[in-house]
Amino acid sequence: MRELLLLHFQFLVLFKIYITKFIIVSASSSSSASNPSLAPVYSSMATFSPGIQMGSGEENRFDAHKKLLIGLIISFSSLGLIILFCLGFWVYRKNQSPKSINNSDSESGNSFSLLMRRLGSIKTQRRTSINKGYVQFFDIKTLEKATGGFKDSSVIGQGGFGCVYKASLDNNVKAAIKKIENVSQEAKREFQNEVDLLSKIQHPNVISLLGSASEINSSFIVYELMEKGSLDEQLHGPSRGSALTWHMRMKIALDTARGLEYLHEHCRPPVIHRDLKSSNILLDSSFNAKISDFGLAVSLDEHGKTNIKLSGTLGYVAPEYLLDGKLTDKSDVYAFGVVLLELLLGRRPVEKLTPAQCQSLVTWAMPQLTDRSKLPNIVDAVIKDTMDLKHLYQVAAMAVLCVQPEPSYRPLITDVLHSLVPLVPVDLGGTLRLTR
Ligand SMILES: Nc1ncnc2c1ncn2[C@@H]1O[C@H](COP(=O)(O)OP(=O)(O)OP(=O)(O)O)[C@@H](O)[C@H]1O
């Protein structure tokens, strides 16, 4: 791409040089006619401009003026072209910066398509830029057809604001449609927040937005379909985690860490998810994990924010956020630590002891996680045969660090990611993937 642009630039410069010569030669024909002393100078300049005839007398002077005028017009327009080109090149280089939340192509490297999509999104407000094409604004009839009229048998999940339906769009594209009914102000805000944010970011471990739709009483978000549902269903549903081996669990943890690292370290300003939990980690047909549900996500400046309304899910909310409303990337790291514990222990983040009393997984597990003799006894029975004991201690130690009450004691998600990479076999994706 860069070579093509440079070639284009060279062509424009050569074109400009040629036109400048054309003007000089044109001027020379009139000036040499009126001022013979300048004739040798102009004729030497004209050496590189074959085909330009020297004239003399009135007719010749008139001809020369005409040429001069045409030359000037062409010259200015070519100058305009060069400026336009430079502007385009500058935008191209700017889009290559990895530290921009708008640079949704930081993984795909498709900056040109991003530029095109930006131009497209200026043209029509209903289209929002996203990698590989535009986010579609669906009409409701299309979504009704795709879900068989939002029939009950198409429901694949239930969220706080409504159901999620399995859908088959045109061209047989499988999708999941979240229908938010009787939209409250809070639901509307979350809907808009999610669509705005997901349309700007893209990463293999973040759910892809296919489009959205709105009508008076309902809003719809169309996502790529994740065939294996959520990690929550896999761990705590009827199969109780039996489909997930030790290595698969480590891969899910690694994928989640990659998605979070992208949000924290590669988006500018950084994005804090604020509601990371096992029901927001979705699995595709090969059990690759992607982070979903960006309704509460916020973009933070580097000093963090303290004035954000407290939101999140019991069992995953970091203590400093719960008590002081202090929100940083370390709040997501805490929630990630809870997910790690779920993966290791196969337990819910909050267990009901009695109808009136709950206990968080962190409170229950903490004393046993640091006791090497107790740890193997509390591990999810389903993975006991497939787990590597040495790795178990490492992951447990990492989980303990992530759920530290003091945020500064928690690791950055990048550190977590690097510690997880060696625990996942290379054929399962256990390599360092470089994000530009
Ligand atoms: N793209 C998808 N593919 C497959 N299943 C999905 C998809 N999106 C959501 N689901 C299913 O729908 C469920 C509900 O998702 P949703 O994001 O609405 O709510 P939630 O995060 O579980 O709850 P809450 O809204 O209270 O945070 C998910 O847990 C998952 O099982």
Side-chain angles (χ1 to χ4, degrees), residues 205 228 231-232 234-236 239-261 264-265 276-278 281 283 286-289 291 315-316 330 332-349 351 360-435:
N205 302 114
K228 298 289 182 190
L231 176 60
D232 180 82
Q234 290 289 340
L235 283 177
H236 312 303
S239 65
R240 300 216 54 85
S242 55
L244 302 176
T245 62
W246 167 261
H247 280 138
M248 287 163 83
R249 291 178 193 219
M250 291 304 101
K251 168 67 169 33
I252 290 168
L254 179 62
D255 283 349
T256 309
R258 279 176 172 149
L260 265 192
E261 197 221 18
H264 293 178
E265 307 291 340
L276 187 75
K277 54 183 175 179
S278 53
I281 296 170
L283 305 168
S286 309
F287 289 94
N288 296 305
I291 300 174
Y316 295 92
K330 296 294 181 75
D332 281 349
V333 172
Y334 183 93
F336 179 85
V338 179
V339 172
L340 261 189
L341 291 181
E342 283 182 79
L343 284 165
L344 290 186
L345 312 179
R347 286 172 174 265
R348 290 184 183 278
E351 296 278 0
S360 84
L361 181 56
V362 173
T363 314
W364 177 82
M366 212 49 162
Q368 310 179 71
L369 286 169
T370 42
D371 186 333
R372 280 190 161 229
S373 61
K374 283 186 183 161
L375 182 57
N377 301 327
I378 61 167
V379 167
D380 191 347
V382 177
I383 48 167
K384 273 196 172 143
D385 294 339
T386 52
M387 76 184 179
D388 177 323
L389 204 59
K390 201 177 97 208
H391 288 173
L392 171 70
Y393 293 132
Q394 279 180 32
V395 182
M398 183 52 73
V400 169
L401 283 179
C402 289
V403 296
Q404 285 298 304
E406 168 56 45
S408 61
Y409 292 170
R410 290 174 214 149
L412 290 169
I413 198 64
T414 311
D415 302 326
V416 179
L417 191 157
H418 283 254
S419 73
L420 287 172
V421 168
L423 310 189
V424 179
V426 175
D427 59 334
L428 273 184
T431 47
L432 257 190
R433 211 163 50 200
L434 293 176
T435 310

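In this text the structure is predicted, and so the values were computed from the model without any measurement.
Going from atom CD1 of I281 over to atom CD1 of I252 covers 8.5 Å, rounded to the nearest 0.5 Å. Atom OG1 of T256 sits about 13.0 Å away from atom CD of E261, to the nearest 0.5 Å. Taken to the nearest 0.5 Å, the CG atom of D255 stands 11.5 Å off from the CG atom of L260. For the atom pair NE2 of H236 and CG of L231, the computed distance is 7.0 Å after rounding to the nearest 0.5 Å.
Residues L417 and R258 are in side-chain contact: their nearest non-hydrogen atoms beyond the backbone lie under 4.5 Å apart. With contacts defined as side-chain heavy-atom distances shorter than 4.5 Å, the pair L341/L369 qualifies. For the pair M398 and P411, the minimum side-chain heavy-atom distance is below 4.5 Å. Using a 4.5 Å heavy-atom threshold, the side chains of L344 and I378 count as separate. Taking the side chain as every heavy atom from C-beta outward, D232 and R348 approach each other to under 4.5 Å. The shortest distance between side-chain heavy atoms of P349 and S360 does not fall below 4.5 Å. With contacts defined as side-chain heavy-atom distances shorter than 4.5 Å, the pair L412/K330 qualifies. Looking at L244 and L235, their side chains come closer than 4.5 Å, going by heavy atoms from C-beta outward.
Taking each heavy atom of C402 and V416 in turn, the nearest pair found is SG-CG2, 4.0 Å. Nearest heavy-atom pair, G337 versus A399, reported as atom, atom and distance to 0.1 Å: O-CB, 4.2 Å. Of all the heavy atoms in H247 and L423, the pair that sits closest is CD2-O, 3.6 Å. Of all the heavy atoms in V382 and S242, the pair that sits closest is CG1-CA, 3.4 Å. When every heavy atom of V333 is checked against every heavy atom of I413, the shortest pair comes out as CG2-N, 4.1 Å. Residues W364 and L345 come closest through the heavy atom pair CZ3-CD1, 4.0 Å.
Proximity of a side-chain donor or acceptor of R249 to a complementary backbone N or O of G241 within less than 3.5 Å is detected. Looking at N205, its side chain never comes within 3.5 Å of a backbone N or O of I291 through a donor-acceptor pair. Of the possible donor and acceptor atoms, one in the side chain of T386 sits under 3.5 Å from a partner among the backbone N and O of W246. Here the side chain of Y393 pairs a donor or acceptor atom with the backbone of R372 at under 3.5 angstrom. Here the side chain of Q234 pairs a donor or acceptor atom with the backbone of K228 at under 3.5 angstrom.
Both tests do not hold together for R410 against Y334: distance to the six-membered ring centre under 6.0 Å, angle to the ring axis within 45°.
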- Message: The test is side chain to side chain contact (heavy atoms under 4.5 Å, CB included); show your working for K277 and E342 and say whether it passes.
- Response: CA-CA 10 Å; K277 54 183 175 179; E342 283 182 79; 5.7 Å; no
- Message: Is there a side chain to side chain contact (heavy atoms under 4.5 Å, CB included) between K251 and N288? Walk through the geometry before answering.
- Response: CA-CA 8 Å; K251 168 67 169 33; N288 296 305; 2.8 Å; yes
